[in-house]
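The figures here come from the full heavy-atom set of this structure, side chains too, leaving out hydrogens, waters and symmetry mates.
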Amino acid sequence: MTLTEYWEHYTDAKSMLLYLALALAFSVISVFYILMIVAVKARFTPKSERRRFYYEHANNTIQRYYEMVFSGASILSFLALYYIIDRFVPDSANFRSFWDRYKDFLLLFMILLSIVVNNILDRILIPLKKVSKSEKGSVRLLGMVYVILIFMYIKFVYENDNYDGFIMYFLGLMIGRFIYFDASFRDGIKTFLESMKNFPLLILGLAYTGFMAYTGFKSDYLLVGNGVLVSTFIAHIFMIVAIFVIHHSHFMSIFVRKPKETKAQYVEYEVEDLDYYEYDDYDEYREE
């Protein structure tokens, strides 16, 4: 099939809407699963703090899950682009000789660009304001594991060895992350343990990817012929659109409501503000 034929296949309106409906369904199921786990944890907190605990942890966990999907999709985006260029650029093209000579360096450059794509997704398209910078860093690190596991699945289930170079490349990046980029081995272990806190979200993200891949290949919407990697990235596009719809529709706010401030808290804040302004006025008077 040519690129034009692939484009016509993937842009068929009926097939797109059906696949998006599946992405939305599993995304909602994933979020409700997270809410159920957080609700169970909230039962072990004091009753006075239970609603706030549920609100804060539910939002934080859901957004860390979104970040996991974004991290994997960002890396897959440029790996898929690399695969498409390497496959479809004709040997007679002038760009081909340049590509064959510098494609390893271009791959590294593309992976660096994936960081920019990740920032666009979690800051502009779907702002993840409930996740701290350190949490984003740990989730993105685990996102590499996410991608490696996808490659391992492709290698052993589909018996496709075309991506062995990618697997070794990312393993090298992960090892380098701990050996060279951290101040000490202890810091590396600390970062690794912080990432492992998101391990259940990694499993949930892989289950989401597996579901989308299985249903996509089963319905013949995703095609093995254009590369399993490219098909997996296409599945992630629908996953991101589904997350975008759920996030900006504020559908989940029905189930995760912000707790109201108590009167005691309001009075306390009011008194603190009053003292602050009185202190400022006193300083100004003293300076005069």
Side-chain angles (χ1 to χ4, degrees), residues 19-43 53-77 118 121-122 125-126 128-132 134-154 156-157 170 174 191-218 222 228 231-249 251-256:
Y19 200 52
L20 178 59
L22 288 173
L24 282 168
F26 198 92
S27 186
V28 170
I29 291 171
S30 300
V31 170
F32 274 112
Y33 175 78
I34 292 173
L35 294 180
M36 181 181 66
I37 298 299
V38 174
V40 171
K41 290 182 178 180
R43 290 290 180 180
F53 176 92
Y54 174 77
Y55 173 78
E56 292 178 352
H57 282 71
N59 278 291
N60 177 265
T61 307
I62 290 171
Q63 292 194 10
R64 279 188 288 121
Y65 173 63
Y66 291 168
E67 182 67 26
M68 177 70 66
V69 176
F70 294 164
S71 178
S74 300
I75 297 173
L76 288 173
S77 64
N118 205 154
L121 289 175
D122 63 21
L125 185 67
I126 308 173
L128 303 182
K129 299 179 180 180
K130 300 296 182 179
V131 183
S132 66
S134 61
E135 288 176 328
K136 282 186 179 181
S138 63
V139 172
R140 290 185 181 186
L141 178 61
L142 208 59
M144 287 189 179
V145 180
Y146 176 90
V147 173
I148 290 173
L149 291 175
I150 290 175
F151 284 142
M152 298 296 286
Y153 180 84
I154 294 173
F156 293 108
V157 175
F170 278 99
M174 287 192 62
T191 302
F192 177 76
L193 293 177
E194 185 70 24
S195 298
M196 285 299 102
K197 292 180 181 179
N198 298 295
F199 188 77
L201 299 180
L202 171 65
I203 300 301
L204 188 59
L206 289 171
Y208 193 2
T209 302
F211 171 81
M212 293 300 294
Y214 176 79
T215 54
F217 289 124
K218 195 74 174 178
L222 298 181
V228 180
S231 296
T232 306
F233 169 64
I234 292 172
H236 275 75
I237 293 176
F238 283 87
M239 292 160 65
I240 291 173
V241 173
I243 290 173
F244 178 87
V245 172
I246 291 174
H247 181 82
H248 288 287
S249 66
F251 170 73
M252 298 314 302
S253 61
I254 301 174
F255 307 96
V256 186

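- Looking at heavy atoms from C-beta onward, Ile34 lies in side-chain contact with Leu204 at the 4.5 angstrom threshold.
- Ser30 meets the side-chain hydrogen bond (donor to acceptor under 3.5 Å, both in side chains) test with Tyr65; sequence neighbours excluded.
- Judged by distance alone, the side chain of Ser77 and the main-chain N or O of Ser74 form a donor-acceptor pair under 3.5 Å.
- Among residues two or more places apart in sequence or in another chain, the ring pair (Phe, Tyr, Trp, His ring centres under 6.0 Å) test is passed with Phe211 by Phe26.
- A search for ring pair (Phe, Tyr, Trp, His ring centres under 6.0 Å) contacts involving Phe255 returns Phe32, Phe251, not counting sequence neighbours.
- The closest side-chain heavy-atom distance from Leu206 to Tyr153 is not below 4.5 Å.
- Partners of Tyr33 under the ring pair (Phe, Tyr, Trp, His ring centres under 6.0 Å) rule, at least two apart in sequence or in another chain, do not exist in this structure.
- Distance check: Glu135 CD to Thr61 OG1 gives 8.5 Å after rounding to the nearest 0.5 Å.
- With hydrogens and angles disregarded, no donor-acceptor distance shorter than 3.5 Å links the side chain of Ser71 to the backbone of Met68.
- Judged as a side-chain hydrogen bond (donor to acceptor under 3.5 Å, both in side chains), and not counting sequence neighbours, Lys41 has no contacts.
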Residues Tyr55, Lys130; criterion side-chain contact (heavy atoms from CB on, under 4.5 Å); working and verdict | CA-CA 11 Å; Tyr55 173 78; Lys130 300 296 182 179; 3.9 Å; yes
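- Ser27 contributes atom OG, which lies 9.0 Å from atom CE of Met252 (distance to the nearest 0.5 angstrom).
- Taking Ser249 as the reference, nothing meets the side-chain hydrogen bond (donor to acceptor under 3.5 Å, both in side chains) condition, with sequence neighbours excluded.
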Step-by-step side-chain contact (heavy atoms from CB on, under 4.5 Å) determination, Leu35 to Ile62 = CA-CA 8 Å; Leu35 294 180; Ile62 290 171; 3.8 Å; yes
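- Here OH of Tyr54 is found 11.0 Å from CZ of Arg43. Values are rounded to the nearest 0.5 Å.
- Residues satisfying the side-chain contact (heavy atoms from CB on, under 4.5 Å) criterion with Phe217, sequence neighbours excluded, are Tyr158, Ala213, Leu222, Val224, Val228, Ser231.
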List the steps, then state whether side-chain contact (heavy atoms from CB on, under 4.5 Å) holds for Val245 with Leu20.
-> CA-CA 10 Å; Val245 172; Leu20 178 59; 5.7 Å; no
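- Residues passing the salt bridge (Lys or Arg N to Asp or Glu O under 4.0 Å) test with Lys197 are Glu194, sequence neighbours excluded.
- Every residue two or more places apart in sequence or in another chain was checked for a side-chain hydrogen bond (donor to acceptor under 3.5 Å, both in side chains) with Gln63, and none qualifies.
- Between Ser195 and Leu142, the shortest heavy-atom contact is O-CD2, 3.3 Å.
- Side-chain contact between Ile150 and Leu76: present, with at least one pair of heavy atoms (C-beta onward) separated by less than 4.5 Å.
- At least one side-chain heavy atom of His248 sits under 4.5 Å from a side-chain heavy atom of Ile126.
- In terms of the salt bridge (Lys or Arg N to Asp or Glu O under 4.0 Å) criterion, residue partners of Arg140 (sequence neighbours excluded) are, by chain and number, Glu67, Asp122.
- Remark: Tyr66 engages no residue in a ring pair (Phe, Tyr, Trp, His ring centres under 6.0 Å) (not counting sequence neighbours).
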Listed pairs under 3.5 Å, donor-acceptor, residues 235-243 side chains, sequence neighbours left out:
| residue | atom | partner | partner atom | Å |
| --- | --- | --- | --- | --- |
| His236 | ND1 | Thr232 | O | 2.9 |
| His236 | NE2 | Tyr146 | OH | 2.7 |

